[in-house]
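Worksheet: one structure, shown below.
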There are 2 protein chains.
Amino acid sequence: MVRDLLTEPSHEELAEFLDEQLRLGGALVQVVAECEVLYSGRAASVAEAGEYVVLVKADGSVQVQGPRGVKPVNWQPQTDRLDVALEEGVAVLVAERFTPAEFVRVAFHRPALALALELGENGNFLLMGTEAEMQRALAQDPTIIEPGLTVLDMELPTDVGGIDLFARDVAGRLVVVELKRGKATHEAVHQLNRYVQSVRAVVGDAEVRGILAAPAVTAPALNRLGALGLEFREVTALPLVESGPEQVGLFG
Amino acid sequence: MVRDLLTEPSHEELAEFLDEQLRLGGALVQVVAECEVLYSGRAASVAEAGEYVVLVKADGSVQVQGPRGVKPVNWQPQTDRLDVALEEGVAVLVAERFTPAEFVRVAFHRPALALALELGENGNFLLMGTEAEMQRALAQDPTIIEPGLTVLDMELPTDVGGIDLFARDVAGRLVVVELKRGKATHEAVHQLNRYVQSVRAVVGDAEVRGILAAPAVTAPALNRLGALGLEFREVTALPLVESGPEQVGLFG
DNA sequence: ACATGAATATTGGAT
DNA sequence: ATCCAATTTTCATGT
């Protein structure tokens, strides 16, 4: 797993290490150092000299991790070119990307550790409780939303986006359902409203209902929902451990 | 910078190392190992046995980095409790968070490396080209958007959100300006439209214009903009290296 | 390559 | 604590 490890490397040693490991490829290269980071592209940023952990993955992605938080201080998701050089005796890494045009430049002023790791194949990854799962479960059994509901379509395209679930209620009215896997905000309400308006514009004066289905709504969103004549239905995307009387779990 | 380093630790050594370093605090603790990761909370996920780099920062944030991409395979932004244990001879880290209730559980099946790093103070960080900067620059000189424009308000609250810039044009008409630091999508168009509708509802029949100011728009967004009677103005948030004749740079 | 939308989004600020 | 909007969002997906 550990391909190579250098402690307190000199600038020359670090530059050679990086050059060799990146040329070899296939490794996750990591440098712990006091460094200075520049970014220019979609925005521009400067991180003055500080101690960071720099990760360079096999796909060329670069991230500069600081002492706190999940988000890196600087990063680049994918790079088309990686370059290592000694500039005025300091090892420098430049990661460049063409579309969009941007780059990250890390100057390793005081290297403390350099690592090359081979992570090999990783196992399967399973995520449960996504919106897609919720959609499938509700399409399978739309009565979870409301008794008598029948699904007409999923991801039905309109001129303002795709309708998550398009259905007909027990009274024959068309129903637009907007799903959210988490707490729904007013953005979800506006999204739903656009879909309902769009459907109304097509079917004319036929009655069209709009339902926001989510585990929760923010208070302002619920107000707006009512003001627009739309409805809310509590639906949970995750398996429930303890199900209250009002709650509806897809896997309950 | 490197407080401690273990290569090929036994499960017992790793557990002790983690326990000690996390109790001591102030360090970025890292483990390279074949491990299995569980997450449960806002969603649920399982990462089957694979080789990962696990970072535990001083603020309790945990991230499990895989061989590719900037985004971790599993993570937790902040944790209220970190727990290390030996379960059936395997070192296990559990990071728990109370609000929202969630946890990540990492079982280090085959540890290869353990690190404790002290990152110390990091220097200043400067980000340029944010929307806030763009807003300030345009409020300072709104003629960048259009000659004769005078700013009435910034972040003016309406019942559907805050208007980035509220202005009056040379003909005395009210102007709602929505800013985007990147390419504007149809969501930005709908946002702008909501603000314009909201202003119209208040001022009655007075004429209200809506301008979307961004460095670029997607083609569908531009179509919708036209259909709604709104306008687009190209404005760049970043300093321009080479400014074309039609372009307007805030720092040009 | 472009557009779209989800995400365990994260993060910071305002209320 | 809640809500809201920006983000170098990233990332997968469809066209």
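Just so you know, these numbers use all the heavy atoms, side chains as well, and skip hydrogens, waters and symmetry mates. These numbers come from a predicted model, not from an experiment.
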Kindly point out which of [options] is positioned nearest to the side chain of [X]?
X: B/Asp164; options: C/dA3, D/dA6, D/dC11; answer: D/dA6
X: A/Thr99; options: D/dT7, C/dA1, D/dT8; answer: C/dA1
X: B/Trp75; options: D/dA6, C/dT10, D/dC11; answer: C/dT10
X: B/Leu127; options: C/dT8, C/dA7, D/dT8; answer: D/dT8
X: A/Arg181; options: C/dT8, D/dA6, D/dT8; answer: C/dT8
X: B/Val70; options: C/dT8, C/dT10, D/dT10; answer: D/dT10

Would you mind reading off the distance between [X] atom [atom1] and [N] atom [atom2], rounded to a whole angstrom?
X: B/Glu133; N: D/dA6; atom1: CD; atom2: C1'; answer: 14 Å
X: B/Glu155; N: C/dA14; atom1: CD; atom2: C1'; answer: 11 Å
X: A/Gln65; N: C/dT11; atom1: CD; atom2: P; answer: 10 Å
X: A/Glu187; N: D/dA6; atom1: CD; atom2: C1'; answer: 12 Å
X: B/Leu156; N: D/dA5; atom1: CG; atom2: C1'; answer: 16 Å
X: A/Met128; N: C/dA6; atom1: CE; atom2: P; answer: 21 Å
X: A/Gln191; N: C/dA6; atom1: CD; atom2: P; answer: 6 Å
X: A/Tyr39; N: D/dT7; atom1: OH; atom2: C1'; answer: 11 Å

Position toward the 5' end of DNA chain D (nearest nucleotide), B/Lys71 or B/Glu178: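 That would be B/Glu178.
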Contact nearer the 5' end of DNA chain D, comparing B/Gly182 with B/Val160: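 Upstream on the strand: B/Val160.
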Earlier contact from the 5' end, DNA chain C, for A/Glu131 and B/Pro77: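 It is A/Glu131 whose nearest nucleotide is closer to the 5' end.
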Given DNA chain C, 5'-ward residue of the pair B/Thr185 and B/Ala44, judged by closest heavy atom: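 So the residue in question is B/Thr185.
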Base, sugar-phosphate alone, or nothing: which one does [X] contact when heavy atoms must sit under 4.0 Å apart?
X: B/Pro220; result: sugar-phosphate
X: B/Thr130; result: sugar-phosphate
X: A/Ala219; result: sugar-phosphate
X: A/Glu102; result: base

Carboxylate-amine/guanidinium contact A/Arg194 B/Glu187, below 4.0 Å: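 Yes, this pair counts.
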May I ask you to verify if any side-chain N or O of [X] is less than 4.0 angstrom from the OP1 or OP2 atom of [N]?
X: A/Arg42; N: D/dT10; answer: yes
X: B/Lys180; N: D/dA6; answer: yes
X: A/Arg68; N: C/dT11; answer: no
X: B/Arg97; N: C/dT8; answer: no
X: B/Thr218; N: C/dT4; answer: yes

Sole residue of B/Leu212, B/Val177, B/Ile211, B/Leu179 in side chain to side chain contact (heavy atoms under 4.5 Å, CB included) with B/Leu192: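 Output: one option passes, namely B/Leu212.
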Could you tell me whether the side chain of [Y] reaches within less than 4.5 Å of the side chain of [X], counting heavy atoms only?
X: B/Gln65; Y: B/Pro72; answer: yes
X: A/Val54; Y: A/Gln63; answer: no
X: A/Leu22; Y: A/Leu93; answer: yes

Nearest-angstrom distance, C1' atom, D/dC11 to D/dT7: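 Roughly 14 Å separates the two C1' atoms.
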Integer angstrom distance from the P of C/dT8 to that of D/dA5: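 After rounding to an integer number of Å, I get 22 Å for this pair.
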B/Arg68, CZ atom: more than 12 neighbouring heavy atoms under 6.0 Å: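 Not more than 12 within 6.0 Å, no.
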Which atom of B/Met154 lies closest to which atom of B/Ala139, heavy atoms considered: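 Smallest interatomic distance, heavy atoms only, reads SD-CB, 3.5 Å.
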